[in-house]
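Heads up: numbering here begins at 1 and tracks the sequence.
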Amino acid sequence: MNAANQPFLALQHETPGVLSAMVAVFSRDLRVALRQRQDLLNPLLFFVMVVALFPLGVSPEVSFLKEAGAGILWVAALLSVLLSLDHLFRHDFDDGTLEQLVLQPHPLFLLVLAKTAAHWVLTGLPLVALAPVLGVMVHLDGNSIGVLCLTLLIGTPVLSLIGSIGAALTLGLRSAGVLLSLLIIPLYIPVLIFGTGTVASAAEGAPVAAYMALMGALLVLALTLAPFASAAALRISLSNG
């Protein structure tokens, strides 16, 4: 057993509280991800490349970029998160760690929530940090950039939570990446619509409270339902494997 899996051995022998178990899973995923930096950099490089190449492929006009900039950034962020989802459970499945996770005495949905939170910290949060720089690149004004960052801060956890369901369902399947995209992208559409709509309203000087409330509702709904669905999908995938 490698050093990265030591938290799971500790969980088995000491049976700590649920919060301690979640922290152990969260910290372990962070450590493992930092040892595989290429998996962290690929979504960020993809995010930057899509936004940078879009004006070259479509139109470099400032008026067009101001109007379409929020949509460009949101689509790029969505695809970047989707690109990283295949690794959410894959490495643990390959080295047998996932079976240990399922056998823990703690509720599986809480441990899955901890893994999803680690995925968001490693993938979604860096996208939020990069958004202001790329927002300037597509000529968004300061107010629109601020609203864009806020929508990404609320929306990217929803993308990770929904994506965890698809990642669990396609675990161990051939061509899982293609199937994962087909399953998840339709569920991402409401987040994309509300995210871009919020920034568009801010650019026009209209109130954005209603949009933000809807995005907050999506986050609460995803936090409530997605961990249960992901845990159930993991059990099904492991039993079929």
Side-chain angles (χ1 to χ4, degrees), residues 1 4-33 39 78 81-82 84-125 153-173 176-177 179-188 190-191 214-241:
M1 187 68 63
N5 292 330
Q6 290 301 319
F8 290 98
L9 294 177
L11 291 181
Q12 289 178 335
H13 294 304
E14 299 175 9
T15 315
V18 173
L19 183 58
S20 298
M22 293 177 68
V23 171
V25 171
F26 179 85
S27 61
R28 183 251 175 199
D29 277 18
L30 292 183
R31 286 196 297 271
V32 170
D39 291 341
L78 185 153
V81 172
L82 188 64
S84 66
L85 284 174
D86 189 52
H87 303 294
L88 180 55
F89 302 113
R90 178 73 55 188
H91 296 308
D92 290 346
F93 178 75
D94 291 338
D95 66 13
T97 304
L98 197 58
E99 284 82 355
Q100 297 182 48
L101 194 73
V102 173
L103 294 174
Q104 297 302 317
H106 308 289
L108 180 59
F109 74 92
L110 291 178
L111 302 182
V112 169
L113 180 60
K115 288 184 67 66
T116 307
H119 174 268
W120 175 75
V121 168
L122 294 165
T123 304
L125 198 56
L153 191 62
I154 299 173
T156 47
V158 180
L159 300 181
S160 293
L161 287 162
I162 295 174
S164 68
I165 304 174
L169 283 172
T170 58
L171 191 63
L173 299 180
L179 183 58
L180 177 61
S181 301
L182 294 174
L183 287 173
I184 295 303
I185 286 180
L187 300 177
Y188 279 174
V191 185
L214 287 170
M215 293 200 68
L218 287 176
L219 177 58
V220 171
L221 188 65
L223 279 171
T224 304
L225 300 179
F228 291 98
S230 299
L234 279 179
R235 294 186 186 279
I236 293 172
S237 296
L238 290 175
S239 64
N240 290 337

Quick one: do V32 and H91 satisfy side-chain contact (heavy atoms from CB on, under 4.5 Å)? Show the steps, please.
-> CA-CA 9 Å; V32 170; H91 296 308; 5.6 Å; no
Between L125 and L153, is a side-chain contact (heavy atoms from CB on, under 4.5 Å) present by the stated rule, with each step listed?
-> CA-CA 7 Å; L125 198 56; L153 191 62; 4.2 Å; yes
Intermediate values then yes/no, side-chain contact (heavy atoms from CB on, under 4.5 Å), D92 and L101 = CA-CA 9 Å; D92 290 346; L101 194 73; 5.6 Å; no
Going through the distances and angles, do H87 and T123 end up as a side-chain contact (heavy atoms from CB on, under 4.5 Å)?
-> CA-CA 11 Å; H87 303 294; T123 304; over 6 Å; no
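Here the side chains of L238 and V102 are in contact, with some heavy-atom distance below 4.5 Å. Two residues are said to be in side-chain contact when any heavy atoms from C-beta on lie closer than 4.5 Å; I165 and L187 fail this criterion. With contacts defined as side-chain heavy-atom distances shorter than 4.5 Å, the pair M22/V18 qualifies. Residues P157 and L219 form a side-chain contact, since some pair of their non-hydrogen atoms from C-beta on lies under 4.5 Å apart. Put simply, the side chain of L161 reaches to within 4.5 Å of the side chain of L113, judged on heavy atoms.
Contact between G163 and L180 at its shortest, heavy atoms only, is O-CD1, 4.2 Å. Among all heavy-atom pairs drawn from L85 and S164, the shortest one is CD2-N, 4.3 Å.
For the atom pair CZ (F89) and OG (S230), the distance works out to 5.5 Å, reported to the nearest 0.5 Å. Atoms CG and OG, from D86 and S181 in turn, are 9.5 Å apart once rounded to the nearest 0.5 Å. E99 contributes atom CD, which lies 6.5 Å from atom CZ of F93 (distance to the nearest 0.5 angstrom). Taking CG from L78 and CD1 from I185, the interatomic distance works out to 6.5 Å, rounded to the nearest 0.5 Å. How far CD1 of I162 is from CG of L218: 7.0 Å, rounded to the nearest 0.5 Å. To the nearest 0.5 Å, the span separating CG on L171 from CD1 on I236 amounts to 12.0 Å.
Scored by the ring pair (Phe, Tyr, Trp, His ring centres under 6.0 Å) test, F109 finds F228 as partners (sequence neighbours excluded). Partners of A33 according to the side chain to side chain contact (heavy atoms under 4.5 Å, CB included) rule, which considers only residues two or more places apart in sequence or in another chain, are L40, L122.
Checking T97, L110, L111, L30 one by one against V25, the side chain to side chain contact (heavy atoms under 4.5 Å, CB included) holds for a single residue, L111.
Listed by first and then second residue, the side-chain hydrogen bond (donor to acceptor under 3.5 Å, both in side chains) pairs involving residues 154-163 are H119-S160, W120-T156 (not counting sequence neighbours).
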